[in-house]
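Below, read A as the first sequence line, B as the second, and so on, with proteins coming before strands; counting in each chain starts at 1.
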There are 2 protein chains.
Amino acid sequence: MSSSEKYDPRAFPPVAVTVDVVVFTIREKTLRVLLINRGVEPFRGEWALPGGFLKPDENLDEAAARELAEETGVTEESVYLEQLGSYGSPDRDPRMRVVTVAYWAICGDLPDPVGGGDAADAMLIPVSMIEQDEISLAFDHREIVRDALQRAMRSLESPLVAAKFCPPQFTISELRNVYEAAWNRSIDQGNFQRKIRANRMFMNVSAQIGASGPRGGRPASLWSIRDAGPDGEDADGSRDSEENEAVTRKGKARKR
Amino acid sequence: MSSSEKYDPRAFPPVAVTVDVVVFTIREKTLRVLLINRGVEPFRGEWALPGGFLKPDENLDEAAARELAEETGVTEESVYLEQLGSYGSPDRDPRMRVVTVAYWAICGDLPDPVGGGDAADAMLIPVSMIEQDEISLAFDHREIVRDALQRAMRSLESPLVAAKFCPPQFTISELRNVYEAAWNRSIDQGNFQRKIRANRMFMNVSAQIGASGPRGGRPASLWSIRDAGPDGEDADGSRDSEENEAVTRKGKARKR
DNA sequence: CCAAAAGTGTTTACCCTACACCCATGT
DNA sequence: ACATGGGTGTAGGGTAAACACTTTTGG
């Protein structure tokens, strides 16, 4: 059989493939998910994840990036985007058999007035509302969001992922605020300081100094992610790729 | 739009959905992957992952379990099966647009004479041969196997997952052999012993005693995975769900 | 001077590695 | 008796949690 020989698509069970994206961001010290109010049937008027059909000439990652850009205006830069998994129960979409490939994303700088495409509206809902089932979602999107949340929480153990919630240059406190929002508990400031400073993937942008707080306080230095060199080698020639770089969740929760 | 209203499948890009499974097992102290020699075009005669088309009335997990059973005869019991991710480059299959949902599995008791369906033959290839590119695989299956391997290695940090390579009842050495095969290095026997004994998810089947080695040696006690109770409570009433249960890869590798 | 946030020092507890040592069995 | 593998004891190093303390700013 030559590669130009094609199958009749109707010989296979008709399946549509969509891509949905769980976009996380932080607003008002709270971890939130972007939801779109559906403007079309089915589930018209209900809240759903941004997403759409896979186009003929794009791969899955490209489709996810496109949907993310269409719905948020955010470009692929400064965004963490990763595949989560696929969902394909036979009856998950009343129209026809639809398998969706779910992605999850971190957007640090999400523009506030989101919305577009066929979406009548958009909102950033706290993840706690979804965890506690205080809102109903279209399709099986609640399950997808819960899985995404679980994955995101694990990925946050890497401070490099957590930094995606921050602007390109950030203070260590800003990074700490990401963890305090995601875990909803306080973190020892001093220990966190050391943890980040010890991590070779973070670089002190020593020239710049961040603004001090609204009611005073010592100004913090700015940091950024060290862009991986050609082979990940450090400046001093040492290469310890497998360090203890995770931020753990142990210890007692203190008042916030 | 009522839920009985259907879309015309041809209104969407024609996509076929398949399911592929990366089956890991251990043979001769070596971690191996099950490959099938393709009996049909495309890639006829080349090695590929077991898999097939998603059927109309099954969900993704069911399709993966079915393919696994068809190709290995192994039932869902005593098998660890988990979704890995989806692969959908537009040109990954020369016939038509195919999105595959990949799964990965651990089979402890894989029957030796595998094969069936449209497969002319089957083999268990050491993962090292795939890592070192010593064999060519059909489609993008090499990429899938590498991703599965990476995922499996991380999952092995949980000894409960590693135990899936063992029979329902096993000695601590048998479990240790799983790590030594997967990591290709030796592990301190005494420390490993303590690690497993300290893990409340493992239960000593005290009545039974495993056979001693071929050339003598103290017989080992048999262990099994504690089936999760209604709320995961321990016998003594304590409940420490978040323990240090991971098996880490640190320390120097000793001779095997 | 005081409040507030950044950053450093220090103590302590815990875990894990390495390795020594004893136990139980087959030959 | 000895080899072999099962199982325990234990000392040392490293890391991280907790918290005290110093530094630098705004009001």
Side-chain angles (χ1 to χ4, degrees), chain A residues 29 157-159 166 169-180 183 185-200 202 204-206 208-223 240 242-256, chain B residues 29 157-159 166 169-180 183 185-200 202 204-206 208-223 240 242-256:
Chain A
K29 291 185 176 297
E157 284 171 15
S158 163
C166 301
Q169 297 196 345
F170 49 90
T171 66
I172 293 184
S173 318
E174 284 173 330
L175 185 57
R176 183 165 45 85
N177 286 334
V178 171
Y179 285 97
E180 300 198 332
W183 294 350
R185 70 184 205 67
S186 71
I187 292 173
D188 185 280
Q189 192 271 136
N191 293 335
F192 189 81
Q193 187 93 213
R194 263 189 297 269
K195 189 87 186 177
I196 300 306
R197 285 172 181 269
N199 190 323
R200 285 199 154 89
F202 289 99
N204 196 329
V205 189
S206 38
Q208 290 287 356
I209 291 290
S212 55
R215 291 188 304 281
R218 176 173 170 178
S221 61
L222 285 177
W223 294 73
D240 31 11
E242 289 205 42
E243 283 297 306
N244 265 359
E245 293 173 345
V247 177
T248 65
R249 216 172 163 173
K250 288 187 288 193
K252 68 179 174 189
R254 305 146 98 193
K255 72 174 188 302
R256 292 189 60 179
Chain B
K29 292 185 177 295
E157 284 171 14
S158 163
C166 300
Q169 295 195 349
F170 51 89
T171 66
I172 293 183
S173 318
E174 285 173 330
L175 185 56
R176 183 163 48 84
N177 287 334
V178 172
Y179 285 98
E180 300 198 331
W183 295 349
R185 71 185 205 67
S186 71
I187 293 174
D188 185 281
Q189 191 270 135
N191 293 335
F192 188 80
Q193 187 92 214
R194 262 189 297 267
K195 188 86 185 175
I196 300 305
R197 285 173 180 269
N199 190 323
R200 285 200 154 87
F202 289 99
N204 196 327
V205 188
S206 39
Q208 290 286 355
I209 291 291
S212 55
R215 292 188 303 281
R218 175 174 171 179
S221 60
L222 285 177
W223 295 72
D240 31 11
E242 289 206 42
E243 282 298 304
N244 264 1
E245 294 173 344
V247 178
T248 65
R249 216 173 163 174
K250 287 187 288 192
K252 69 179 175 190
R254 306 147 95 189
K255 72 173 188 301
R256 294 189 56 178

ring-ring contact (aromatic ring centres under 6.0 Å, His included) filter on B:Phe192, not counting sequence neighbours, yields B:Tyr179
Which residues pass the side-chain contact (heavy atoms from CB on, under 4.5 Å) test with B:Ser173, not counting sequence neighbours?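 If we apply the side-chain contact (heavy atoms from CB on, under 4.5 Å) test to B:Ser173, skipping adjacent residues, the hits are B:Thr171, B:Arg176.
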d([atom1], [X]; [atom2], [N]) in whole Å:
X	N	atom1	atom2	value
A:Leu175	C:dG7	CG	C1'	16 Å
B:Tyr179	C:dT17	OH	P	12 Å
B:Glu157	C:dC16	CD	P	13 Å
A:Ile196	C:dA6	CD1	P	13 Å
B:Ile187	C:dT17	CD1	P	10 Å
A:Phe192	C:dA5	CZ	P	16 Å
A:Ile172	C:dG7	CD1	C1'	9 Å
B:Glu174	D:dG5	CD	P	14 Å

Can a donor-acceptor pair under 3.5 Å be found between the side-chain atoms of A:Asp188 and the base atoms of D:dA16? no
Of the nucleotides [options], which one has an atom closest to the side chain of [X]?
X	options	result
B:Thr248	D:dG5, C:dT17, C:dG7	C:dT17
B:Gln189	D:dG6, C:dT8, C:dA5	D:dG6
B:Arg176	C:dT17, D:dG6, D:dA17	D:dG6
B:Arg194	D:dT10, D:dG6, C:dT8	D:dT10

side-chain hydrogen bond (donor to acceptor under 3.5 Å, both in side chains) filter on B:Arg218, not counting sequence neighbours, yields none
Results of side-chain hydrogen bond (donor to acceptor under 3.5 Å, both in side chains) for B:Arg197 - residues two or more places apart only: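 Once residues adjacent in sequence are excluded, the partners of B:Arg197 under the side-chain hydrogen bond (donor to acceptor under 3.5 Å, both in side chains) criterion are B:Gln193.
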Hey, is the side chain of [X] poking within less than 4.0 Å of OP1 or OP2 on [N], counting only N and O atoms?
X	N	value
A:Arg197	C:dA6	no
A:Lys195	D:dA16	yes
B:Ser221	D:dG6	no
B:Gln193	D:dG6	no

Check nucleotides 25-27 of chain D against the protein and report each pair of N or O atoms closer than 3.5 Å, with its distance, or say if there are none.
{"unit_1": "D:dT25", "atom_1": "O2", "unit_2": "A:Gly217", "atom_2": "N", "d": "2.8"}
{"unit_1": "D:dG26", "atom_1": "O4'", "unit_2": "A:Gly216", "atom_2": "N", "d": "3.4"}

Could you measure the distance from the [atom1] atom of [X] to the [atom2] atom of [Y]? Nearest 0.5 Å is fine.
X	Y	atom1	atom2	value
B:Gln169	B:Asn204	CD	CG	10.0 Å
B:Phe170	B:Ile172	CZ	CD1	8.5 Å
A:Phe202	A:Leu175	CZ	CG	5.5 Å

